[in-house]
A.B. asks: 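Structure below; questions to follow.
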Amino acid sequence: MKVLVINAGSSSLKYQLIDMEHETLLAKGLCERIGIDGKFTYKPQVAGKETVNAADYAMPSHVEAIDAVLNALADPKNGVVASMDEIDAVGHRVVHGGKEFAASCLITEESIEGIKKCFPLAPLHNPANLLGIDACRKAMPGKPQVAVFDTAFHMTMPPQAYIYAIPYEYYEKDDVRRYGFHGTSHRYVSARCRELLGNPEHSRIISCHLGNGSSLAAVQDGKSVETTMGLGPLAGVPMGTRCGDIDATILEYLMGRYGWDMKEMMNVLNKKSGVLGISGVSSDFRDLESAAQEGNARAQLALDKFCYEVKKDIGAYAAAMGGVDAIVFTAGVGENGSTTRAAICQGLEYMGVKLCEKRNNERADEHLISTDDSPVKVYVIATNEELMIARDTAALV
Ligand code: AMP
């Protein structure tokens with residue numbers, strides 16, 4: 001079975017074609033600037049086929065973007081399938097599943113209504129995800145499609161973890177609760193970590209997805225029991241440009257002082273905060289590390305703040321689960337930032353975390369970075385959300 005995986009944003013669309021027989025990636029790429037000037041990238045993973053890099057391609061909407069993808073995949077010269085018929089199913093990333101979706105599902109008229117119901121919870125993401133779904137339905141009528149939700153994995157959280165301490169009616173009437181995100185990534189790396197631990201009956205894993213957006217999840221016996229993001233992805237640890245958890249009083253105070261409306265305030269918290277906000281240098285961890293090495297104190301403070309908050313959440317999640325068997329680092333910073341990983345684990349020796357400096361400085365998609373005698377195992381596991389989406393799609397279809 002060949003599965004096309006689609007991650008549609010408002011003006012971009014990422015895709016991968018995966019052959020599920022051996023889970024091999026056949027091609028991947030990106031449509032950018034949809035509705036603007038259209039740039040198309042196609043990277044076949046089969047020997048002898050040529051890449052297309054950010055080529056001009058008219059894409060007034062997601063429909064033309066999907067056409068570009070299908071044409072490239074079935075191109076007689078550089079394609080990886082003989083025709084579109086070889087694509088058996090399509091899997092879509094959908095950001096918010098609200099209370100509606102606790103698992104991936106086949107796309108039907110009913111599930112589309114469910115995705116629409118979640119629009120108010122993710123007004124930027126869900127409508128864009130649906131554009132990708134609609135475009136595929138137009139281009140490939142009758143082809144089975146599956147929605148995989150970022151929030152679904154966290155629907156196993158107990159009420160004490162997901163309820164906010166505001167009047168209960170807002171939970172009942174307005175669905176205000178912690179949902180959490182990066183669920184597909186946390187699910188993938190925590191499942192892989194359980195395998196590496198030898199599939200024990202009981203396991204307590206802290207999954208740290210640290211990238212431009214960051215979140216942690218406490219995964220007990222394969223189920224998410226707590227996570228740092230909330231109703232939306234602004235909560236938790238500081239991120240590239242997002243503030244993470246802050247005191248709500250700050251909003252009232254700054255809005256009063258500067259006369260901002262809520263939109264302006266949210267723009268500051270989403271786009272100008274996080275490690276960018278503290279450092280004034282960059283949202284990119286590589287830039288921050290270079291600046292800090294050159295003596296930029298605010299870049300160092302931003303890194304210190306990030307590591308401190310991640311460390312605090314690791315401690316909190318160990319408390320929530322009554323201990324921890326393994327910690328996993330994944331995503332851009334988690335997979336590549338050895339200095340950041342070391343700073344996070346430093347001082348956690350009291351709870352049984354012994355990082356091996358040599359292993360931590362080595363590079364691999366998947367490896368143990370704690371010492372052999374460390375009571376808590378620490379792993380780097382490269383995330384693969386697309387593969388998880390493809391697996392769910394294949395299983396449901
Ligand atoms: P992601 O959102 O998962 O793509 O992660 C992006 C983040 O990973 C950016 O802040 C990058 O600076 C960071 N990153 C990528 N490579 C490295 C590296 N070698 N060292 C530190 N951070 C890195």
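These numbers come from the heavy atoms of this one structure, side chains and all, not from hydrogens, waters or symmetry mates. Counting starts at 1 for both ligands and their atoms, in listed order.
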A.B. asks: Quick test: of every protein heavy atom, which one is nearest to atom 10 (O) of ligand 1, and how far off is it to 0.1 Å?
C.D. replies: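 That would be F285 N, 3.1 Å.
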A.B. asks: Cation over ring, K99 on Y171, under 6.0 Å and within 45°?
C.D. replies: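 Yes, a cation-pi geometry holds between K99 and Y171.
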A.B. asks: List the closest protein heavy-atom neighbour of atom 7 (C) of ligand 1: residue, atom name, distance to the nearest 0.1 Å.
C.D. replies: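 Ranking protein heavy atoms by distance from atom 7 (C) of ligand 1, first comes V333 CG2, 3.8 Å.
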A.B. asks: Can you tell me which residue and heavy atom of the protein come closest to atom 2 (O) of ligand 1, and the distance to 0.1 Å?
C.D. replies: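 Looking only at protein heavy atoms, the one closest to atom 2 (O) of ligand 1 is N212 N, 2.8 Å.
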A.B. asks: With a 4.0 Å cut-off, would you call E386 and R93 a salt bridge?
C.D. replies: no
A.B. asks: For R363, which part has a heavy atom under 4.0 Å from ligand 1: side chain, backbone, both, or neither?
C.D. replies: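 Side chain only.
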A.B. asks: Are any of the side-chain heavy atoms of V268 and S273 separated by less than 4.5 Å?
C.D. replies: yes
A.B. asks: So is there a nitrogen or oxygen of G211 less than 3.5 Å from a nitrogen or oxygen in ligand 1?
C.D. replies: no
A.B. asks: Closest non-hydrogen protein atom to atom 17 (C) of ligand 1, residue and atom name please, with distance?
C.D. replies: N336 CB, 3.4 Å
A.B. asks: Quick check on ring-ring contact (aromatic ring centres under 6.0 Å, His included): which of F101, F119, F181 does H96 satisfy it with?
C.D. replies: F181
A.B. asks: Under a 4.5 Å cut-off applied to non-hydrogen side-chain atoms, are I6 and I133 in contact?
C.D. replies: no
A.B. asks: Any idea which protein heavy atom is nearest atom 15 (C) of ligand 1, and the distance to it?
C.D. replies: R286 CZ, 3.6 Å
A.B. asks: Given the side-chain rings of Y164 and Y170, with only the six-membered ring counted for Trp, is the space between their centroids under 6.0 Å?
C.D. replies: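 Centroid distance Y164-Y170: not below 6.0 Å, so no.
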A.B. asks: For atom 21 (C) of ligand 1, what's the nearest protein heavy-atom neighbour? Residue, atom name and distance, please.
C.D. replies: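 Checked against all protein heavy atoms, atom 21 (C) of ligand 1 sits closest to G337 CA, 3.8 Å.
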A.B. asks: Does the N or O separation between G332 and ligand 1 drop below 3.5 Å for any pair?
C.D. replies: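 In this structure, G332 places an N or O atom under 3.5 Å from an N or O of ligand 1.
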A.B. asks: Begin from the C-alpha positions of R391 and Y188 and carry the test side chain to side chain contact (heavy atoms under 4.5 Å, CB included) through to its verdict.
C.D. replies: CA-CA 11 Å; R391 282 181 187 165; Y188 178 82; 4.0 Å; yes
A.B. asks: Can a protein heavy atom be found under 4.0 Å away from atom 4 (O) of ligand 1?
C.D. replies: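 Given the 4.0 Å limit, the answer for atom 4 (O) of ligand 1 is no, no protein heavy atom qualifies.
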A.B. asks: Between D284 and S282, is there a side-chain donor-acceptor contact under 3.5 Å, judged purely by atom types and distance?
C.D. replies: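 Looking only at side-chain atoms, D284 and S282 do not form any donor-acceptor pair under 3.5 Å.
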A.B. asks: I need the nearest protein heavy-atom contact for atom 12 (O) of ligand 1: residue, atom name and distance, please.
C.D. replies: D284 OD1, 2.4 Å
